[in-house]
Amino acid sequence: MPKESYFEQVYDVVRCVPPGRVTTYGTIASFLSLGSARMVGWALNHCFGAGDVPAHRVVNRNGELSGRAHFRPPSLMQERLEAEGIKVEDDKVVEFDKLFWNPADHF
DNA sequence: TCACTGACAAGGG
DNA sequence: ACCCTTGCCAGTG
């Protein structure tokens with residue numbers, strides 16, 4: 001498999017997200033200039049088994065842990081975020097604007 | 001080949 | 001301010 005699928009493109013960006021920071025689906029899609037926000041979430045759905053992809057650092061534009069239901073256990077996403085110093089309340093990232101990390105900024 | 005799916009985002013009522 | 005509809009596009013059956 002010499003060619004990277006769209007999944008791997010997303011995984012690569014997610015891996016670049018530093019601990020204690022979060023990003024959104026739309027941001028990744030915009031950064032890749034490919035696909036859409038829905039695809040990013042869909043790609044992450046297949047990430048389990050694709051290696052160590054910190055999918056818990058990816059949230060929706062509201063800062064909500066929309067993908068927590070896909071973790072096992074579902075609370076694992078919040079556990080991971082809190083382990084990195086991110087506070088989560090009511091399934092939402094506290095001070096999401098501050099913790100937001102833009103891949104384009106790192107670039 | 002065609003149709004449906006999906007962890008979202010933005011706009012309109 | 002909230003709820004609903006539309007658009008998005010690669011992958012799978």
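Numbered from 1 within each chain, the chains take letters A, B, ... in sequence-line order.
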Comparing A/Val59 with A/Met39, nearest DNA chain B nucleotide closer to 5' gives the residue A/Met39

Between [atom2] of [N] and [atom1] of [X], the distance in whole Å:
{"X": "A/His46", "N": "C/dC9", "atom1": "NE2", "atom2": "P", "value": "19 Å"}
{"X": "A/Asn45", "N": "C/dA10", "atom1": "CG", "atom2": "C1'", "value": "14 Å"}
{"X": "A/Arg38", "N": "C/dC8", "atom1": "CZ", "atom2": "P", "value": "12 Å"}
{"X": "A/His70", "N": "B/dC8", "atom1": "NE2", "atom2": "C1'", "value": "12 Å"}
{"X": "A/Asn62", "N": "B/dA10", "atom1": "CG", "atom2": "C1'", "value": "11 Å"}
{"X": "A/Phe7", "N": "B/dT5", "atom1": "CZ", "atom2": "C1'", "value": "12 Å"}
{"X": "A/Leu44", "N": "C/dA10", "atom1": "CG", "atom2": "C1'", "value": "14 Å"}
{"X": "A/Asn60", "N": "B/dA9", "atom1": "CG", "atom2": "C1'", "value": "9 Å"}

In terms of heavy-atom contacts, A/Leu65 and A/Val88 come closest through CD2-CG1, 4.0 Å

With the side chain defined as heavy atoms from C-beta on, A/Ser36 is closest, among C/dG11, C/dC8, B/dA9, to C/dC8

- Would you mind classifying the nucleic acid contact of A/Tyr6 as base, sugar-phosphate or nothing, using non-hydrogen atoms under 4.0 angstrom? sugar-phosphate

| request: Would you classify A/Arg61 as touching base, sugar-phosphate or nothing, given that sugar-phosphate means primed atoms plus P, OP1 and OP2, and contacts are heavy atoms under 4.0 Å? | output: sugar-phosphate

d(A/Glu64 CD, A/Asp91 CG) to nearest 0.5 Å is 8.0 Å

| said: Please determine whether side-chain contact (heavy atoms from CB on, under 4.5 Å) holds for the pair A/Gln9 and A/Phe31, giving the CA-CA distance in whole Å, both sets of side-chain angles, and the decisive distance to 0.1 Å. | reply: CA-CA 10 Å; A/Gln9 302 283 340; A/Phe31 178 70; over 6 Å; no

Between A/Lys87 and the options A/Val93, A/Leu81, A/Leu99, A/Val94, the side-chain contact (heavy atoms from CB on, under 4.5 Å) test singles out A/Val94

